[in-house]
Each structure stands twice: as structure tokens, then as C-alpha cells.
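Here's the structure, in C-alpha cells; my notes come after.
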Amino acid sequence: MILANILPPGASLYAHNVDVIYYTLMGVSVLICLLLLIVGGVFIVRYRRGSPAKRGPMPELLSREIEIGWTVATFFAFIFLFFWAAAMLVSSGPAQKGDLEIHVVAKQWMWKAEQPNGAREINEIHVPVDTPVRLVMTSQDVIHSLFLPALRLKQDVLPQRYVDMRFTADRTGTFPLLCAEYCGTEHSHMTGKLVIMTKQAYQKWLEAQPGSADVAGMGRKLFTSLGCSGCHGRAAHVRAPDLEGVYGRSVQLADGRTVQADKDYLRDSILEPRKDIVAGYEPIMPSYKNTLSDSDVLRLVAYLKSLASKEKDQ
Amino acid sequence: MSQAAAQAADGRPLTYLSNGFTLRSWLTSTDHKRIAILYAVSITAFFFLGGIAIGIVRLELVTPTQDLVSADTYNRLFTLHGIVMVWFFLVPSIPTTFGNFLLPMMIGAKDLAMPRLNLFSWYLYVAGGLFTVYALIAGGVDTGWTFYTPFSTMFSNSHVLAAAMGVFVVGFSSVATGINFIVTTHMMRTRGMTWMRLPLFVWAMYATSFVMVLATPVLSVALLLVMAERWLGVPIFNPTHGGDPLLFQHLFWFYSHPAVYIMILPAMGVVSEIFPCFARRRIFGYQFMVYAMVAIAVIGFFVWGHHMFVSGQSGYANLVFSFLSFVVAVPSAIKVFNWTATLYRGQITFEAPMFYAIGFVGLFTIGGLTGLFLATVPIDIQATDTYFVVAHFHYIMVGGSVSALFAAIHFWWPKMTGRMYPEIWARFAAILMFFGFNFTFFPQFIMGWMGMPRRYGSYPPEFQIYHVLSSAGALVLAAAYLLPLGYLTWAYFRAPRAPRNPWHATGLEWTTPSPPPPLNFDAPPVVNEGPYHYHPAEVGPEARPEGAEDEQRASSA
Amino acid sequence: MTASTASSPPVALHEPWEDLSRQRQAATMGMWIFLLSEMLLFGGLFAAYTVCRSLNPMGFRAGSHEADLVYGTINTVLLITSSLTMTLAVRAAPARLHKVALGFLAATVALGLAFLAVKGMEYHEDLTKSLFPGPGFKLPQQGAEQFFSFYWVMTGLHMLHMTAGVIAVSRLIVVGRRYPEWLETSPAVEATGLYWSLVDVIWMILYVLIYLPGRGG
Amino acid sequence: MSRKRDKGDGHSPFWRGPLLAWGALLLLLAVNVALAYLLGGDNPLIGVGIAVAMVLVVAIIFMDLRRSGPINRSLAGAGLVWLGIMFALMFADYLTRS
């Protein structure tokens with residue numbers, strides 16, 4: 001059917017819900033256009049100059065009532081549309097802990113994705129079907145935008161900040177992955193594939209990837225090799241904030257503010273230690289701004305997060 | 001000496017056109033009508049410059065691969081198209097040409113309140129234009145007309161400084177025009193012209209002027225900060241120094257959404273003048289049309305966040321801006337209903353202005369409704385930065401504002417030049433433009449929702465069919481834009497002379513001779529009734545008075 | 001209101017207007033609309049400053065601590081006084097006190113030039129303390145360099161407006177001394193007065209945003 | 001201060017109002033600096049609050065808003081309202097980022 005190939009394939013329940021809203025809005029718009037076309041057309045034909053139709057003044061009463069009528073009607077129709085669409089957004093709910101977290105780094109003109117076990121890929125993202133996936137994304141230079149038309153999702157990727165994109169695919173297949181925010185010369189070549197596989201195929205694919213030590217493991221190696229454990233480890237004699245289970249906790253800062261230790265806070269503390277100094281500690285931590293790449297920082301943050309979950313298990 | 005007695009060189013009554021033929025008389029004239037012509041010429045030049053840029057882009061997009069121009073040239077072409085079309089054609093188009101020409105005449109004044117400021121605003125426009133043309137010649141700018149940071153401040157190595165300075169300067173030109181119109185509307189209305197007797201075109205200019213004065217400075221600040229960061233290296237938007245790239249987007253869109261209302265409000269004013277004239281009926285719900293225009297101008301400042309739904313803005317802000325964007329759509333819907341209702345029980349004739357005006361209402365309705373799609377957050381997440389949004393704003397700006405511009409050109413052409421225009425050619429051009437436009441932009445809606453991102457030089461092959469259709473439509477549209485240039489130039493020299501009031505329209509500008517004398521009115525007119533007193537109560541089918549027929553056809557001297 | 005040729009005195013009434021008081025009312029309204037756009041211009045800058053300060057509070061406080069409060073306060077006093085003398089000049093002119101008005105206008109220009117001089121000294125001192133954002137920037141905190149970016153852009157833009165104000169008032173003096181009758185009727189006097197007071201208002205807010213955050217507490 | 005010269009005609013001389021305003025402004029400035037030192041400068045309520053008071057004094061007396069027509073007063077008000085719109089909706093985004 002002609003309609004089938006002019007509509008993008010939907011690969012998740014969210015995509016289906018968006019399509020329902022899209023069709024409804026399309027229906028309402030076509031209705032309004034037809035209404036105007038018919039009314040306008042009839043007026044144009046009936047009241048063209050020289051036509052025998054009845055003229056005379058417009059019934060004054062009629063004009064004021066009609067005016068208020070369609071103003072209120074339009075207003076409430078639009079407000080209903082707003083609340084219906086907004087309800088869908090609010091119902092998507094907060095991120096659960098169990099999401100499969102894939103780190104995506106956008107740089108000028110390619111997408112670098114890294115699976116939890118460290119498998120790295122360029123311009124492709126492999127995800128298992130029917131599992132909630134969370135893409136934690138950041139950019140190394142300008143603003144890019146990860147666009148997955150099949151999932152009806154798009155999210156700008158900003159430098160120096162983590163943004164999330166969460167979805168649960170419900171259909172296997174290979175779908176386009178594009179950059180939607182203009183980012184320079186090769187903006188139109190910054191495209192790739194989103195490959196949704198069955199769980200088994202995904203596991204088999206994961207093992208087959210070279211050098212797949214998990215991200216948290218690599219984070220632990222960095223934690224020791226960079227000397228973080230020198231101050232933050234258990235046996236350290238230097239007074240430094242204890243990082244066991246710090247992820248998610250609220251931290252009291254020297255200037256009286258309390259902040260929630262989320263991914264951004266941890267990244268800022270590694271790259272800009274003097275930005276938010278923890279209460280009761282000296283600002284002696286060196287900045288790692290030029291030594292660490294974005295992927296390394298992501299690994300360290302993943303390691304600190306794993307510390308949190310481990311501490312809860314004991 | 002009263003100008004009625006003043007004779008031009010060839011014995012005909014002195015008009016603003018024959019009041020001096022040297023270049024100096026044009027470039028130093030503070031007559032609002034001459035400045036309108038100066039603006040008209042410079043705006044047409046920039047319109048075709050922007051048109052050529054997008055012509056090459058559309059040719060490139062016929063093939064999925066990048067083979068006509070390099071990726072860099074492609075980026076500079078669509079940026080040039082954006083900058084020139086938004087700031088050097090659409091924002092000034094109707095206010096500075098028809099607003100300048102008609103506002104004083106419609107309220108019965110001799111000239112604008114500050115004639116020298118009016119000429120200064122044209123020189124600011126030319127200065128801004130020179131900066132942009134320099135940026136083009138020196139190599140172009142590749143940041144997109146939105147100048148997003150940190151690309152424009154840190155990663156682009158094109159002439160961002162010159163282009164930003166050009167837009168910075170032309171911004172003050174529109175502030176100057178805004179000041180002039182507001183003071184004129186307040187202070188120079190003739191006796192009897194109360195606020196509620198103002199023609200809707202004057203209300204449109206008044207509302208647009210406030211939007212120009214209130215929104216443009218914030219754009220100047222945003223571009224000033226980009227220029228400071230690029231030239232002096234001061235890290236304002238630099239993310240590694242604590243800057244937030246979204247801050248630029250907030251400041252930019254605080255101007256750029258009201259800017260789209262600067263572009264559409266004057267078009268609404270023009271259509272509100274044309275529908276009553278050609279339907280021979282009073283506008284339906286005059287007060288509601290006025291309140292709707294003012295409401296659009298005010299609420300237009302609350303909705304800019306809907307350009308940033310996917311940019312990393314907080315979810316709460318998305319909902320707030322989405323709600324306000326639905327609210328701002330209501331006044332536009334009211335206006336469309338009122339225009340349609342104006343046709344009821346009228347005596348409708350279909351000269352060229354009416355063709356364009358009906359085309360405006362149709363295309364603006366489609367543009368407005370797709371705006372509702374984009375105000376809905378989940379739909380906008382899929383549709384923003386794709387060709388769906390490109391098609392949406394072209395339906396509003398080209399389908400709406402440019403159609404109304406051509407409607408205005410044909411409606412007031414007899415008054416401005418003293419000549420008629422070839423009716424058959426004009427209607428053909430209107431129909432060609434309507435189909436060329438739909439042929440170009442409707443396929444973009446379809447491929448936009450399928451996921452074709454905007455600003456792509458090469459694209460996935462499955463979209464090629466839509467690009468080919470769109471490019472073919474663009475050729476038809478280009479032809480439709482060249483036609484009026486042709487027959488109007490011919491008409492200026494050869495067409496029969498226009499009578500004082502060829503359309504038998506009401507409105508003070510039609511009481512002056514065409515073309516009007518330098519100071520418009522011999523004696524300041526007095527107004528004693530509302531603007532559109534077209535429809536005598538019981539008139540039968542032949543609405544126009546007997547003598548009207550032959551006078552309009554005859555080419556009276 | 002360009003002065004006409006040296007021989008014939010400039011006439012205050014201009015082409016489309018027949019009545020001078022209407023023209024003066026229009027000039028004042030026109031200036032107020034221009035001031036509206038100036039409010040939005042500097043308002044946009046203050047909004048950007050406030051947002052960046054909320055993102056990097058520590059850096060902004062450290063930066064503000066470096067800004068020299070003494071220079072800032074002197075400038076604020078100079079500007080408030082110049083706004084006084086400008087207002088007195090505007091009030092004196094139509095009251096046929098032509099000599100008094102010229103005196104106050106001269107005082108306004110003097111205070112304006114003093115402000116620019118003090119500002120120049122402050123800039124010079126800031127440059128020697130390497131407070132201009134760039135590689136050699138003095139303060140390490142994140143956001144301090146951004147504070148000084150705003151400092152240079154905002155005070156620089158204000159200085160441009162101050163210079164334009166000094167030129168405009170000087171022009172009033174030059175033409176007013178030769179043609180007293182013009183000084184007492186021309187709408188330019190009140191319009192320039194309004195412009196000058198707005199430049200003073202903008203400095204007051206700038207003063208609070210730049211010099212005070214780093215103090216005490 | 002030699003600049004003051006009594007040329008008033010009938011009602012209070014033209015310089016009385018502005019001179020009082022000038023005194024008030026200097027007083028407010030001093031209070032602002034003092035509070036900045038006492039309570040810490042980065043508390044925006046005090047600093048900006050006093051600044052707004054000073055702005056109102058200048059606007060009403062120096063810029064003669066009191067006697068100029070309702071249009072000029074509404075223009076001045078419109079400036080503040082539009083700034084309010086910009087600040088409010090921008091911070092609706094910044095304050096609610098998770």
C-alpha cells in the first residue's frame with residue numbers, strides 16, 4: 001500500500017505511541033483543511049460577483065456568537081491535544097538501574113559507541129531486542145544529535161555534558177542512525193546503523209568483539225594507574241573524600257551548597273576539581289583535564305558507579 | 001505653494017516619482033515613498049541572491065551523492081540562503097516597502113514622524129548588506145543561519161565575524177523602522193482616525209514594530225557575544241571554560257521566534273486589506289482581528305523554547321514551551337476563520353491580488369497546522385531538524401509571507417507607479433507560483449517525517465524520489481518568481497495609466513492621485529467611519545456603481 | 001537634528017510637523033522606544049551573565065573579588081552626579097535659563113569624561129594584573145575567566161554608549177552656545193537627557209553585578 | 001556646591017526634586033556597598049533589590065516619568081515585563097535541569 005512506504009518503520013512501543021499521536025493530528029488537520037476548503041469554496045462560488053445568491057448585511061448577532069464560539073472551541077481543542085501528548089511524555093518514567101548502558105561519544109563526523117563489556121564500534125550500535133537500553137552520550141567538540149528515525153528518537157549531544165536516550169526496541173532489524181544537528185563539513189556523512197538483534201545473537205556478537213574487558217574493569221585499572229587510589233584508596237594516608245558508594249549520594253560542598261553526586265558531578269570533579277570542593281577537604285586534587293580522554297573519564301565514572309552497587313551488595 | 005499647482009517637467013501634475021530624477025535626489029530623499037522604493041529595489045536584489053544560492057542547492061540534491069558542489073560549498077550555500085532570506089528579505093520585506101509607503105497615507109499623514117531616521121534605517125540596511133556580501137565574496141560562512149555555538153565560535157574557520165556583523169547592523173535598521181512606525185501611529189493620525197478605525201494593515205505594522213523593537217536587541221547581544229568570543233578569545237560559550245552552548249540558543253531563539261511573527265504579521269495585514277476589497281464586504285470581526293494580531297505579537301515572546309525540545313533543555317521547560325506554543329496558535333486560527341467568513345454574502349471578484357490572498361490563506365493554514373505538530377513534544381522529537389520542519393517554515397514564510405508580498409505588489413502597484421499591470425499574466429503567475437510552491441515543499445513533509453535530516457549535502461538513497469520532485473518544483477517556482485519581474489517592468493513603461501482608485505477600495509491611500517504627490521494630501525483628510533465601509537446594505541449583484549466599469553478599463557490620462 | 005549651514009540658525013521645527021510641542025512629544029516617545037530596545041540589549045547581556053553565574057558561582061565570586069571596588073564606586077558616584085547635572089540642564093533649558101543649562105551640560109560632559117578616564121585607568125590596571133581572559137589569565141577557578149569575559153564585554157559596550165552620550169551632549173553645547181533660542185526649544189535636549197539617564201541606569205545594575213558579588217561574607 | 005542656583009518660579013525650584021533624588025541615590029549606593037560587606041555580596045536579593053530601587057528613582061525623577069504621558073510610562077513598564085519574560089522562561093530551563 002502506498003502509505004506503507006512513505007511512513008518510517010517503527011521499532012519500539014514508544015514509536016508506535018508517537019505514530020498514534022501523529023495520525024490523530026494528521027486526521028484533525030485534514031479535517032480542518034477540508035472544512036475550510038468546503039466553506040471557502042462554497043462562499044467563493046456562491047458569492048462571486050453577479051451570482052444570484054442573496055446578499056444584504058451580515059446578521060450582527062450572528063457574527064459575535066460565531067467569533068467567541070470558534071475562539072473557545074479552537075482553544076480547548078489545542079489544550080486537549082497538548083495534555084494528551086504531554087501525558088505520554090510524563091508516563092515514560094525515570095531510568096531504572098537495570099538498563100543496558102552503552103556509552104556513545106560523538107566527535108566531528110563519527111559516532112563511537114562502547115558496550116558495557118568494552119566492545120567498541122564506529123558508526124554502529126548493536127542492541128538486544130526487548131531490553132531497556134540507555135545511551136549515555138557526550139560530544140568531544142561541537143553539538144551533534146543522535147537521530148534514530150525508527151525509534152522516533154532524537155537527542156542533541158552536547159560537549160562537556162552527559163545526555164541520556166532511553167528506549168526498548170521490540171523488533172529486530174537494521175535501522176538508520178543519523179546526525180541531525182549541523183556539525184560542519186562532513187555532517188551529512190556522519191551516519192550509521194542501529195542493529196537490533198535477538199538476545200542470543202547479541203551475546204554471541206559481544207563475545208566475538210576484540211579486547212572486551214568490561215568498562216568498570218578498565219576504570220579500576222585507570223583508578224590505580226593514574227594514582228587516584230593513592231589518595232582515595234582505603235590505605236591512603238592523605239585526607240581525601242571516600243569514594244565508596246559516592247554515586248547517587250548528596251554531597252555537602254565547601255560553599256554550603258549540597259549537590260547530588262551524579263555522572264556530571266563526578267566528571268566535573270575529575271576534570272575541574274576546584275569547581276565544587278567537598279566540605280572539610282583541602283582543594284589539593286590535581287586536574288586531569290588534559291591527560292584523560294572522554295572515554296577514559298566515562299570508564300572512571302562507570303568504575304565509581306560499580307563501587308556504589310558493590311557496596312550495597314556487601 | 002500647494003503641490004496641486006506644481007507641475008513636473010512634462011506638464012503633468014508633480015508626483016513623488018517625478019520630483020527629481022538624479023541619483024542624489026533618490027539617495028538623500030526623506031520622502032517615505034521614495035525610501036520605500038529604495039528598500040523595494042534592494043530587497044528584490046537580495047531575494048534573487050538568496051534564490052540563486054538555493055537553486056544550486058536544489059540542483060545538488062537531485063542526486064544522493066555530493067557531486068555538483070563540495071560539502072563545504074554546499075554548507076556555505078544553504079547558510080547564505082538562510083541569512084539573506086531571513087534578515088535581508090523576509091524581515092524587512094513588507095514593513096519597509098509597503099509599510100513605509102502606505103502607513104502615512106493610510107492614517108492621513110504627510111510623512112513618517114522621523115523622516116531622517118527612516119533614511120538612516122535604509123543606510124543601516126545597506127551597510128549590513130555590504131558586510132554580508134563581503135562575507136560571501138571573501139569565502140562565505142558555513143555555520144547555518146542559526147550560528148550555533150560552539151561550532152560558530154570555536155570550530156568554524158569561515159567568515160563568521162563578517163556575517164555576524166552584517167546581521168548585527170541590519171538589526172538596528174529594523175529597530176529604527178519599528179521606532180518610526182510606533183511614533184507615527186501614535187502621533188500622526190489625521191482627525192477622526194481613532195484607534196479602532198485604523199485599517200488592519202496599520203495595526204499589523206504597529207504590532208510588528210513592537211516585536212521588532214523588543215526582539216532584535218537580544219539577537220544583537222547573542223551575535224555580539226559570538227563576535228567577542230571569536231575575535232577577542234573571551235570564553236563565554238566555550239564549554240570547557242564553564243560556558244553552556246544552550247545559552248546561545250536561548251538568546252538566539254528569543255529573537256528568532258518573534259522574528260517569524262515579524263515576517264507573518266505584515267502578511268496578515270495585507271490579506272486583511274485585500275479580502276474586504278475583492279469580496280466587497282466589511283472584514284468579519286474587526287475587533288477580534290485586532291486583538292488576535294496584538295495577542296500574536298505578545299505571546300510570540302513566550303514560545304521560543306519549542307525550537308530546543310531536543311537540544312538538552314529540561315523536560316519541564318519542554319512542557320511549558322509546548323503548552324505556550326499551543327496557546328499562540330489560537331489567534332492565528334481565529335484570523336483564518338475570519339478571512340473565510342469575510343467572503344460570506346460578498347461580491348467576490350478574482351483579480352491577481354485575490355488569487356495570491358486566497359493562496360495565502362490556504363498555504364498559511366497548512367503551515368499553521370504543521371506548526372501544531374511541531375508544538376507537540378513527541379512529534380517534534382522526530383520531526384525537528386528534518387525536512388518536515390523545513391517544509392513547515394517554508395509553508396509559513398514562502399507560502400504565506402511571500403504570497404502576501406506578491407498580493408500587496410499587485411494590489412498597490414497602480415497606486416505606487418501610476419500604471420496598471422497585465423491582468424492575465426498576473427493571474428497566470430499566481431497560479432504557477434501556487435503549484436510550483438506545493439510541488440516543491442509538499443514532498444519535503446513526507447521525507448521529513450521518514451527521517452531525512454536537514455542541511456544534508458548527500459543523503460540516504462531512499463529519499464531521492466522526493467528530492468527530485470522538490471527540485472523540479474523549485475524550477476517551476478523560480479520561473480513563477482521571474483514572471484512578475486518581467487511583466488511588471490514592462491507594465492511600468494507600457495501599461496495603461498492607473499485611475500485614482502482602480503479597485504474602488506476604501507482607505508485614505510486610494511483618495512490620492514496615483515502616483516501620489518510628494519506630500520500625499522493637499523489638505524489633511526477627515527475620517528468619520530470605520531475602515532472597510534464596502535457593503536451598502538441592500539445592493540444587488542452589480543455591487544459597483546454604474547460609472548465604475550468603463551473608468552477602470554479605460555486608460556484615462 | 002543636523003545643524004544647518006553656519007550662517008542660518010538651525011530651526012527646531014521639522015518638515016512633517018506643524019506644532020513644536022507635538023514634535024517634542026514625538027521625539028521623547030521615540031527616545032523612550034529606543035531606550036526600550038536598549039533595555040532589552042543590556043537585559044540580554046544581564047540574562048547571559050546571570051545564567052553563567054548560576055552555573056559557576058565559585059568562579060564568579062573569585063572573579064568579582066579581583067575587580068577593583070574603589071574604581072567602580074568612584075565611577076558610580078560620577079555617573080549619578082552626571083545624571084543629576086543632565087537632568088538639571090534639561091529642566092533649565094525650557095525655563096529660558098540658557099546660561100544655567102549650558103553650565104550643567106558642560107558639567108555633564110566633564111563628569112562623563114572623568115568616568116571614561118577612571119574606566120581607562122581601571123582597564124589599564126586590569127591588564128597589568130593579567131585579568132584579560134586568555135592563556136595568561138590570572139585566576140585558576142572555573143568560571144573566573146568567563147566572569148571577566150562578561151566584565152570586558154559589558155563594560156566595553158557601556159563605555160561605547162557613554163562615549164556616544166558625551167558626543168551628543170557636546171553637540172548640544174556647541175550648537176546651544178551659538179543659538180540659545182534653539183537650545184530652549186529643540187526636542188534634542190530632552191531626548192539626550194533621557195539617553196544619558198539610561199546609560200546611568202545600566203551602569204548601576206552593572207556595578208551590582210560586577211563589583212559587589214566578591215565582597216565580604 | 002556652586003552649581004545650585006535658586007531660579008525657581010513659583011512652585012518648588014526645578015532643582016529641588018533632582019537634588020533630593022541625587023542624595024537618595026548616593027545613600028542607596030552606600031547602603032548597597034555596606035550590605036555587600038556585611039552579608040556577603042553574592043546574595044542577589046539585596047544587591048539587585050537596591051539597584052532596582054535606584055533605577056526607579058532615576059526613572060521617576062531624572063527621566064521625568066512622573067510627568068510624561070501614560071505612553072512613556074507603559075513603554076518603560078513594557079521593558080521590565082519583557083525582561084521578566086526572558087529571565088523567567090530561561091530559568092524555567094536552567095533551574096529544572098536534573
Side-chain angles (χ1 to χ4, degrees), chain A residues 6-8 18 21-22 25 29 32-33 36 39-40 43-44 47-52 55-58 63 66-67 70-71 74-75 78-79 81-82 85-86 88-89 141-143 145 147 149 152-156 158-161 163 176 178-189 191, chain B residues 71-72 75 144 148 150-151 155 239-240 245 284-285 288 310-312 315 319 322-323 326 329-330 333-334 336-337 340-341 343-349 365-366 369 372-373 376-379 381-382 384-386 446 449-451 453 455-460 535 537-543:
Chain A
I6 64 165
L7 289 176
V18 169
I21 297 182
Y22 179 68
L25 276 176
S29 304
I32 293 178
C33 283
L36 279 174
V39 170
F43 283 175
I44 282 177
Y47 297 111
R48 65 191 184 291
R49 192 160 62 82
S51 76
R55 274 8 181 244
M58 181 74 145
S63 74
I66 289 184
E67 197 78 63
W70 65 41
T71 309
T74 324
F75 182 77
F78 289 173
I79 298 309
L81 284 175
F82 164 73
M88 204 198 94
L89 264 186
D141 34 51
V142 291
I143 299 177
S145 183
F147 179 26
R152 309 292 186 275
L153 283 174
K154 182 186 286 111
Q155 178 57 50
D156 276 16
L158 302 165
Q160 304 296 324
R161 185 177 146 195
V163 284
L178 308 131
C179 174
E181 181 54 58
Y182 176 70
C183 56
T185 315
E186 299 299 324
H187 165 58
S188 37
H189 296 296
T191 57
Chain B
D72 230 7
N75 294 342
Y148 270 13
F151 181 74
F155 289 88
T240 52
F284 182 85
F288 277 81
V310 291
S311 66
L319 288 181
S322 172
F323 176 76
F326 271 102
V330 173
I334 303 308
V336 169
F337 298 150
T340 317
L343 301 176
Y344 179 62
R345 286 192 176 178
Q347 299 283 353
I348 306 168
T349 54
T365 305
I366 297 176
L369 289 169
L372 280 185
F373 282 67
T376 321
V377 178
I379 305 286
I381 287 175
Q382 166 80 354
T384 192
D385 281 332
T386 68
I446 300 167
W449 184 255
M450 283 173 66
R455 296 172 171 170
Y456 261 36
S458 60
Y459 51 86
H535 192 65
E538 308 77 20
V539 168
E542 62 305 327

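Here is how names work: the chains are called A, B, and so on, in the same order as the sequence lines, proteins then strands, and each is numbered from 1.
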Against chain A, work out which of B:S311, B:G451, B:G144 has the most heavy-atom pairs shorter than 4.5 Å and name it.
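Maximum pair count with chain A is reached by B:S311.
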Please check this pair: side chain of [X] against backbone of [Y], looking for a donor-acceptor N/O pair closer than 3.5 Å.
| X | Y | answer |
| --- | --- | --- |
| A:R161 | B:G312 | yes |
| A:K154 | B:T384 | yes |
| A:R48 | B:T349 | no |

On a heavy-atom basis, which atom in [X] and which in [Y] lie closest, and how many Å separate them?
| X | Y | answer |
| --- | --- | --- |
| A:Q155 | B:V310 | NE2-O, 3.3 Å |
| A:F43 | B:A341 | CE1-CA, 4.3 Å |
| A:G40 | B:L343 | O-CD1, 4.4 Å |

Heavy-atom pair count under 4.5 Å with chain B, highest-scoring of [options]:
| options | value |
| --- | --- |
| A:E186, A:E67, A:H189 | A:E67 |
| A:I44, A:L153, A:L81 | A:I44 |
| A:T71, A:T191, A:V39 | A:T71 |

Can you tell which part of [X] gets under 4.5 Å to a heavy atom of chain B, answering side chain, backbone, both or neither?
| X | value |
| --- | --- |
| A:C183 | backbone |
| A:L178 | both |
| A:F75 | both |

Relative to the ring of [Y], is the ring of [X] parallel (under 30°), tilted (30 to 60°) or perpendicular (over 60°)?
| X | Y | answer |
| --- | --- | --- |
| A:Y47 | B:Y344 | perpendicular |
| B:F326 | A:F78 | tilted |
| B:F284 | A:W70 | tilted |

Toward chain A, the part of B:T365 with a non-hydrogen atom under 4.5 Å:
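Contact with chain A involves the side chain of B:T365 alone.
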Which residue in the set B:F151, B:Y456, B:Y148 passes ring pair (Phe, Tyr, Trp, His ring centres under 6.0 Å) when paired with A:Y182?
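Single ring pair (Phe, Tyr, Trp, His ring centres under 6.0 Å) partner of A:Y182 among B:F151, B:Y456, B:Y148: B:F151.
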Would you compute the distance between atom CG of B:L372 and atom CD1 of A:I32 and round it to the nearest 0.5 angstrom?
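With rounding to 0.5 Å, CG (B:L372) is 7.0 Å from CD1 (A:I32).
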Nearest-0.5 Å distance, OH of residue A:Y22 to OG1 of residue B:T376
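It comes to 12.0 Å.
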